[in-house]
Amino acid sequence: MADKPHNKDAREAEAFPSIAEALSRLKGGLRLSDAEKLELTGEWLQTLVNQASDYIFVKDRDSKFVIANTKVAFDLGRKDVVELQGMSDLDLHLPEIGESLFAIEQQIMESKSPMIDFEECILLPTHERRWFSSSKYPIFDDAGNVVGLIGIARDITQRKQAELLQKGQNEVLHQIVEGISLTQVLEKLILTIEDQLNGISGSVMLVDETGEHMLSGAAPSLPKSYLEQVDGIEIGPEVGSCGTAIYSGKVVIVADIFDSPLWSPYLGIMEQYDMRSCWSVPFFGKDGRVLGTFGFYTQSVRSPSDDELKVAVEAAQLASIAVERDQAENRIRYLAHHDALTGLPNRQEFKNKLEQKVAVSQKTGEPVAVVFVDLDNFKIVNDSFGHAVGDQVLTIVADRIMKAHNYAHEAVRFGGDEFVLIVSGQSAHAPELTEFMDHLRSEVTKTISIDGFSFHVTCSIGAAIYPEAADDAAELLRNADSAMFAAKAAGRDQCVIHEGAVISVPVNRLTLVEEMRRAVDNGGFFLEYQPQYDLHSGRIVGAEALLRWNNERLGRMMPGDFIELAEETGVIVPIGRWVLNEACRQNKVWQDAGLSPITVGVNVSARQFRDVSLISDVCAALDSSKLPAKFLELEVTESMLIHNAAQAVQLMGEFRRIGVKLAIDDFGTGYSSLIALKSFPLTRLKIDRSFIRDLDYDESDRCIARAIISLGRELGLNVVAEGVETAKQQAFLISCRCETVQGFHFGRPMSADKFGKLLGMTLTPLNAHFAS
């Protein structure tokens, strides 16, 4: 008898009897001939194996089927198991697949060692790719010679596809983080899908800025000449599979391109290529707009399987994330130089252009004027009609300002309801400028009609002329601003040109600024705290410190009432310093009272972030309170980080060395560059409440929230969902493995005393919220 192998697998093979031996025992010990050992024709045995949902088969020494169950036969396109007898995988599969299966089985029989729970992949006649977890054991005769093998294979296709899709999603997200171009990201996505589905070529078509035409986004496996011919085709109800899918917003499946009215206008193009079917799945942005479509082409006439259609839908969702992020990146590049609401150039762009105009004026002697236009009592519009109408009013005013001079002058939106123009040449002389300002005021104050409401807004206009009223661009800007305030002080709805005299700023703004300064010293400001819960344990793990002001004249004021003015005047720096000290002090008080240590988050304003004393302010707050640095978290916005990424990385690195935690607030709204985000030493991402608010019914918001949470995990960051207000939102976030939540569903902002009592009551999980 030949020696049998003595490794672990061999021992398992010895313990696994051959089917011939099993038959011999069941037949009362009758000895079978060698020929009978592989015949295995018992009807009872065939009936038994046919009941199994797994593949069960026996093959001879040449890897030819001797017996198999009906599951194997039917999947391989045979009507009966008898048709498989005498056939090998070389006869049943494409060469590449058949040769791989054959080689593995021959190796098993030559080594006399089984292979257990290894993965195999085959392509069925239906073009479906199937993955199996297979175990194959050699069959020995009495002399120890291998006469065949027995195999059992369990279908793991769904699990494998899920793994590959997850892997592909992670790779695409990583590419986005790395700042890879949209084309490369989409090509990676398509190639990942093509690798899973045999005989399929993928493509992504995008909607252009007008929403009327298709553009080729990526199609690495399709002929370039074909893409050139379809690029720019107008979208419509019968424009192939992709154009129709974009138009209708629905999945379009065409099994035969040459027998479909949707493709009839393009048959002349399609005759040049070997493509017979096309299935297209549209994908959408957060606002519901169709961004593009993910399409599959095949060389055969057929419709997709359920698995293929599922993969296409998953791919379309990934494409939407990549495309929306790319559009956001493009938008931030635009916003770097323009106002988002009106489309006018922004302050930085304005400053550069003003300096250029002044430089030209110095050479030519022609005057340059700066004109400030500020709407009067604009807060009344917002309070009366809401901010949405207020934004429409600003857009209308911007349009009127530009049309008042027929787009001849540079104009910007300088602030909330403030616009500034550069007027040069003959129009900048005092008489012409006065006439222009009166005309401008007249145009702005015309009747505005929105949603059935008709009303007027007035404006105060101030101007200054270079070189009469200023020595440089900066002074020219300041003096024009002063003239505008003088117009307001004169009763509003006025025009004033700076004539060189000192113009006093209206006392109301100055008074409010001084009151803020006094409030820092006399206790006018106070903090409220909103709890943050760990979704897994139900414990309070943190709180966000929120600023409030008890103004002696105006009563309780929220940040929206004064923060913008504090930013403009620099008062935000001492206010922010007070907030840091108070938040650290209060947190240490809670700890000293024996309450569970938590992290308190403090918002850092843009002006503070640029202030050189911020690091020393934080260190001083920690030292004076004796609070360990790990219990303080600074929250910064996306826009603050991207304006000067290099400075932000350096500053944040110093905070991390101290031990202070760092969170990016309102993530998803600031159009940050993800390549920059990767560089920031953050500890947490806070998903903006705008993505949480509609989770109950908005699939786009769910996709974005899920993607941000997944991205946070990939970057090793804790993810906080802000604005959670319902149990359904909570359940969805749990399903996405979001770690931390904050919102009215768990607790509103509250006083320090009330928060301390709540913290003391929740040393164990908050069953009221987490029992479900």
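Quick caveat: nothing in here was measured; it's all calculated off a predicted structure. Just so you know, residue 1 is the first one in the sequence shown, and it goes up from there.
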Smallest separation among heavy atoms of Ala316 and Val281, with atom names: CB-CG1, 3.8 Å
Nearest 0.5 Å, what's the OG-CG distance between Ser135 and Leu149? 12.0 Å
Measure the OG-CZ distance between Ser320 and Phe284 for me, rounded to the nearest 0.5 Å. 9.5 Å
Between the side chains of Lys71 and Asp155, is the shortest nitrogen-to-carboxylate-oxygen separation below 4.0 Å, so that they form an ion pair? no
From the options Thr192, Leu186, Leu191, select the one residue that forms a side-chain contact (heavy atoms from CB on, under 4.5 Å) with Lys188. Thr192
Is the number of heavy atoms from other residues, nucleotides or ligands within 6.0 Å of CD (Glu163) greater than 12? yes
With side chains defined as the heavy atoms from C-beta onward, is the minimum distance between Lys250 and Pro282 less than 4.5 Å? no
Tell me whether the centres of the aromatic rings in Phe283 and Phe294 are closer together than 6.0 Å. no
Pair Ser63, Ser88: side-chain N/O donor-acceptor within cut-off below 3.5 Å: no
Working to the nearest 0.5 Å, report the span between CG of Leu262 and OH of Tyr247. 12.5 Å
Please confirm whether the backbone N or O of Phe732 pairs with a side-chain atom of Ser735, one donor and one acceptor, at under 3.5 Å? yes
Give a yes or no on this: more than 12 heavy atoms of other residues, nucleotides or ligands lie within 6.0 Å of atom CD of Glu110. yes
Side chains of Leu182 and Val323: closer than 4.5 Å at any heavy-atom pair? yes
Side chains of Phe746 and Val724: closer than 4.5 Å at any heavy-atom pair? yes
Would you sort out whether Ile122 and Phe132 count as a side-chain contact (heavy atoms from CB on, under 4.5 Å), showing the intermediate values? CA-CA 8 Å; Ile122 67 172; Phe132 293 89; 3.6 Å; yes
For Glu271 and Phe258, work out which heavy atoms get closest and say how close. CG-CE2, 3.7 Å
Residue pair Ile190 / Ile193, side-chain heavy-atom distance below 4.5 Å: no
Rounding to 0.5 Å, atoms CG (Asp89) and CZ (Phe65) come to a distance of 5.5 Å
When rounded to the nearest 0.5 angstrom, what is the spacing between CD1 in Ile704 and CG in Leu695? 10.0 Å
Side-chain heavy atoms of Thr740 within contact of Arg684, under 4.5 Å: yes
Work out which heavy atom in Ala721 is nearest to a heavy atom in Leu733; give both atom names and the distance. CB-CD1, 3.6 Å
Please check: side-chain N/O of Gln299 versus main-chain N/O of Gly199, any donor-acceptor pairing under 3.5 Å? no
Yes or no on side-chain contact (heavy atoms from CB on, under 4.5 Å) for Gln229 and Tyr266, after CA distance, side-chain angles and deciding distance? CA-CA 10 Å; Gln229 293 183 78; Tyr266 311 101; over 6 Å; no
Between the side chains of Glu105 and Lys136, is the shortest nitrogen-to-carboxylate-oxygen separation below 4.0 Å, so that they form an ion pair? yes
Ionic contact status for Arg539 with Asp534, cut-off 4.0 Å: no
Within a strict 4.5 Å, meaning less than it, do heavy atoms of the Gln272 and Tyr226 side chains meet? no
Does Asp306 CG have over 12 foreign heavy atoms under 6.0 Å away? no
Does Lys286 NZ have over 12 foreign heavy atoms under 6.0 Å away? yes
Would you check if Tyr137 and Ile108 make a side-chain contact, meaning some heavy-atom pair closer than 4.5 Å? no
Which heavy atom in Cys736 sits nearest to a heavy atom in Arg713, and how many Å separate them? O-NH1, 3.0 Å
Would you find a donor on one side and an acceptor on the other, under 3.5 Å apart, between the side chain of Gln106 and the backbone of Arg61? yes
Audit row: Ile139, Ile150, side-chain contact (heavy atoms from CB on, under 4.5 Å) steps and yes/no: CA-CA 7 Å; Ile139 301 175; Ile150 183 169; 4.3 Å; yes
With side chain to side chain donor-acceptor pair (under 3.5 Å) as the criterion, how do Ser241 and Trp263 come out once you've worked through the C-alpha distance, each side chain's angles and the decisive distance to 0.1 Å? CA-CA 8 Å; Ser241 301; Trp263 282 90; 3.0 Å; yes
In plain terms, say whether Arg289 and Asp287 are close enough for a salt bridge, that is, a side-chain N and a carboxylate O under 4.0 Å apart. yes
For Glu739 and Val541, run side-chain contact (heavy atoms from CB on, under 4.5 Å): C-alpha distance rounded to whole Å, both residues' side-chain angles, the deciding distance at 0.1 Å, then the answer. CA-CA 10 Å; Glu739 295 102 322; Val541 293; over 6 Å; no
Show your working on side chain to side chain donor-acceptor pair (under 3.5 Å) between Tyr55 and Ser134 and close with a plain yes or no. CA-CA 9 Å; Tyr55 284 10; Ser134 299; over 6 Å; no
Hey, is the main chain of Glu119 close enough, under 3.5 Å, to the side chain of Ser133 for a donor-acceptor pair? no
Heavy-atom closest contact (Cys703 atom, Ile321 atom, distance): O-CD1, 4.4 Å
Looking at Asn69 and Asp54, would you say the former's side chain and the latter's main chain have a donor-acceptor pair under 3.5 Å? yes
What I'd like to find out is whether the side chain of His93 reaches to under 4.5 Å of the side chain of Ser100, using heavy atoms alone. no
For a quick test of reading the model, state the closest non-hydrogen atom pair linking Arg276 to Asp256 and the distance between them. NH2-OD1, 3.1 Å
Between Tyr533 and Gln730, a side-chain donor and acceptor under 3.5 Å: no
Distance from Met115 atom CE to Glu120 atom CD, nearest 0.5 Å? 7.5 Å
